[in-house]
Amino acid sequence: MEKLQNYINGELVAPISGEYFDNFEPATGKVYSLIPDSDLADVETATAAAKAAFPIWSRMSIQDRSDILLRIAQLIGDNLDELAQAESRDNGKPLKLARTVDIPRAQSNFHFYGTGILHFASESHSMGDLAINYTLRQAIGVAGCISPWNLPLYLFSWKIAPALAAGNTVVAKPSEVTPYTAYLLSKICIEAGLPKGVLNIVHGLGPKAGAAIIEHEDIPMISFTGGTATGEWIARTAAPKFKKLSLELGGKNPNIIFADCDFEDMMKTTVRSSFANQGQICLCGSRILVERPIYEKFKTEFVKRVKAMKVGDPSTDVNLGAVVSKPHMEKVLSYVELAKEEGGTVLCGGKRVMIDGEFSEGYFLEPTVIEGLPHTCRTNQEEIFGPVVTIMPFDTDEEALMMANSTKYGLASSVWTSNLKRAHTIARELHTGIVWINCWLLRDLRTPFGGVKSSGVGREGGFEAFDFFTEPKNVCIRY
Ligand code: NAD
């Protein structure tokens with residue numbers, strides 16, 4: 001059985017303890033590789049390597065740093081097929097999605113930040129005849145980057161690329177549920193000639209290897225994407241150490257549909273925004289609010305299209321592959337039961353999909369649509385993070401906003417309307433970090449990305465990420 005390795009100080013190495021745990025393939029339910037069960041000792045070695053590499057990397061010319069990051073981007077592109085297949089196998093997502101979204105986006109992340117750093121500038125503040133201030137934006141040191149399993153290489157690289165471009169060195173941990181493409185990235189970094197110690201990838205469990213990164217005295221900044229409960233623990237642990245924190249957490253995103261929208265356009269996108277990646281995207285619209293005059297029409301057409309979605313072998317032309325793990329599948333199914341207990345009606349889906357042969361133990365779920373629930377119930381308030389959406393009618397703009405803003409989350413929202421005034425007004429009043437009008441997941445990497453309330457603290461994307469990964473220092477010079 002293949003053993004993945006940590007990437008520390010430029011080399012692929014076994015965990016110091018020699019311990020590993022199982023890596024499951026979601027589509028078959030079978031173990032297919034072993035993951036290093038790293039602990040504090042591995043994190044110590046990785047952090048020491050990152051600390052030693054920092055003076056050289058942070059003082060390297062920006063052009064040279066950029067060149068190396070662009071080489072990594074190029075190699076990700078060159079290895080698209082291998083990376084996409086690995087991502088699909090490790091995560092359960094359709095191969096087509098990994099080929100067209102996950103891996104191209106990982107490549108773009110390195111490309112975007114590798115070139116972005118060439119254009120990053122800082123400010124100066126003149127005090128007339130008295131003095132001039134200028135701001136130095138300096139790399140900070142060792143960045144801790146921790147990412148989740150839903151978009152494995154996509155989100156891993158979204159943190160690592162700006163951290164490195166800004167001149168920091170990194171100790172990173174991918175999710176233990178989907179470590180494989182991070183392992184392949186280690187090999188790419190070696191091939192690209194990334195100097196040793198600049199990036200260190202430690203595999204392992206969150207409460208063990210992850211916690212060691214959060215607690216480490218020599219890691220002054222943490223960029224974390226994952227669940228809100230984990231984010232709470234990280235915030236509590238990092239606060240007394242005064243670490244810089246960027247937290248990208250859970251969501252329960254509203255998708256608000258007005259009667260005056262372009263129905264076909266909305267319908268096509270809503271099917272995608274509900275079930276892309278088996279509904280396991282933090283930005284998926286899991287609460288669909290529909291203006292009453294088109295509620296029945298929406299329901300009939302939506303359910304028809306959802307029932308026609310294909311679930312199965314991720315390497316074939318399916319709409320949904322497997323969800324990421326057995327515990328996650330069980331969690332999603334338990335929410336369908338909860339929805340029924342809360343008085344909801346399952347309009348379609350709600351069950352595990354059983355497939356004969358090779359995939360008989362796979363974690364496949366039917367795309368599920370539920371109606372008849374109040375916006376206040378647990379099903380409508382808690383993040384399910386699977387192929388389950390609820391639909392609810394509303395009568396006025398105020399009611400739609402009240403329902404949309406009623407959860408503790410505030411990551412993203414979508415609004416469908418052809419009324420410009422309404423689009424702007426609703427966008428202004430929504431308590432979310434991102435609002436999509438007449439679209440979903442249309443991303444420009446220059447824009448600020450992040451949530452409000454329990455969806456997180458801070459922003460990534462564009463120069464926001466460089467602001468996070470640098471410390472501003474004011475220098476005041478008297479004339
Ligand atoms: P998770 O919080 O369980 O794990 C995320 C990462 O944190 C993993 O690498 C895990 O090993 C690590 N971790 C767990 N406990 C830790 C600890 N005590 N200390 C340090 N690290 C620890 O989340 P998940 O189940 O992997 O991901 C799903 C969640 O991520 C969902 O809530 C989803 O909404 C969220 N998410 C948010 C965004 C965003 O941009 N806001 C994007 C994707 C996913």
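No hydrogens, no waters, no symmetry mates; every other heavy atom, side chains included, goes into these values. Note that ligands are numbered from 1 as they come in the structure, with each ligand's atoms numbered from 1 the same way.
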If the test is side chain to side chain donor-acceptor pair (under 3.5 Å), which one of N438, N255, T269 qualifies with W416?
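So, applying the side chain to side chain donor-acceptor pair (under 3.5 Å) to W416 and each of N438, N255, T269, only N255 qualifies.
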Got the closest protein heavy atom to [atom], with its distance?
| atom | answer |
| --- | --- |
| atom 28 (C) of ligand 1 | F385 CE2, 3.7 Å |
| atom 32 (O) of ligand 1 | E383 OE1, 2.6 Å |
| atom 10 (C) of ligand 1 | E176 OE1, 3.5 Å |
| atom 7 (O) of ligand 1 | F224 CE1, 3.1 Å |
| atom 23 (O) of ligand 1 | G227 N, 3.2 Å |
| atom 12 (C) of ligand 1 | I146 CG2, 3.7 Å |
| atom 27 (O) of ligand 1 | P148 CB, 3.3 Å |
| atom 15 (N) of ligand 1 | T230 CG2, 3.3 Å |

Regarding ligand 1, does [X] bring an N or O atom to under 3.5 Å of one of the ligand's N or O atoms?
| X | result |
| --- | --- |
| S455 | no |
| T228 | no |
| G226 | yes |
| C282 | no |

Looking just at side-chain N and O atoms, do [X] and [Y] make a donor-acceptor pair shorter than 3.5 Å?
| X | Y | value |
| --- | --- | --- |
| T228 | E383 | no |
| K159 | T225 | yes |
| N380 | T390 | yes |

Q | Atom NZ of K326 with >12 non-hydrogen neighbours under 6.0 angstrom | A | no
- Message: Using a 6.0 Å cut-off, check whether atom NZ of K453 has over 12 heavy atoms from anything other than its own residue.
- Response: yes
Across all chains, not counting sequence neighbours, the side-chain contact (heavy atoms from CB on, under 4.5 Å) partners of P15 are N6, S17, Y20, P36, S38, D42
- request: Check side-chain contact (heavy atoms from CB on, under 4.5 Å) between R305 and all other residues, then give those that pass, not counting sequence neighbours.
  value: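 With neighbours one apart ignored, the set is E264, M267, K268, V271, E301.
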Main chain of [Y], side chain of [X]: is a donor-acceptor contact present, judged purely on distance under 3.5 Å?
| X | Y | value |
| --- | --- | --- |
| Q280 | V324 | yes |
| N91 | L151 | no |
| E361 | T28 | no |

Minimal non-hydrogen separation, [X] against [Y], with atom names:
| X | Y | value |
| --- | --- | --- |
| W149 | H328 | CH2-NE2, 3.7 Å |
| N253 | C282 | ND2-O, 2.7 Å |
| I256 | A404 | CD1-CB, 3.9 Å |
| C439 | W436 | O-CB, 3.1 Å |
| P314 | A322 | CG-N, 4.5 Å |

Answer yes or no for atom 4 (O) of ligand 1: protein heavy atom present at a distance under 4.0 Å? no
Can [X] be said to touch ligand 1, with heavy atoms closer than 4.0 Å?
| X | answer |
| --- | --- |
| A209 | no |
| G456 | no |
| G451 | no |

Per-residue contact class, [X] against ligand 1 - non-hydrogen pairs under 4.0 Å:
| X | result |
| --- | --- |
| A229 | neither |
| L249 | backbone |
| I214 | side chain |
| N150 | side chain |
| V177 | neither |

Which atoms of ligand 1 have any heavy atom of [X] under 4.0 Å away?
| X | value |
| --- | --- |
| L155 | 42 (C), 43 (C) |
| F449 | 40 (O) |
| W149 | 24 (P), 25 (O), 26 (O), 27 (O) |
| L411 | 41 (N) |
| P174 | 9 (O) |

Closest to atom 6 (C) of ligand 1 (heavy atoms only, candidates G210, G206, S147) is S147
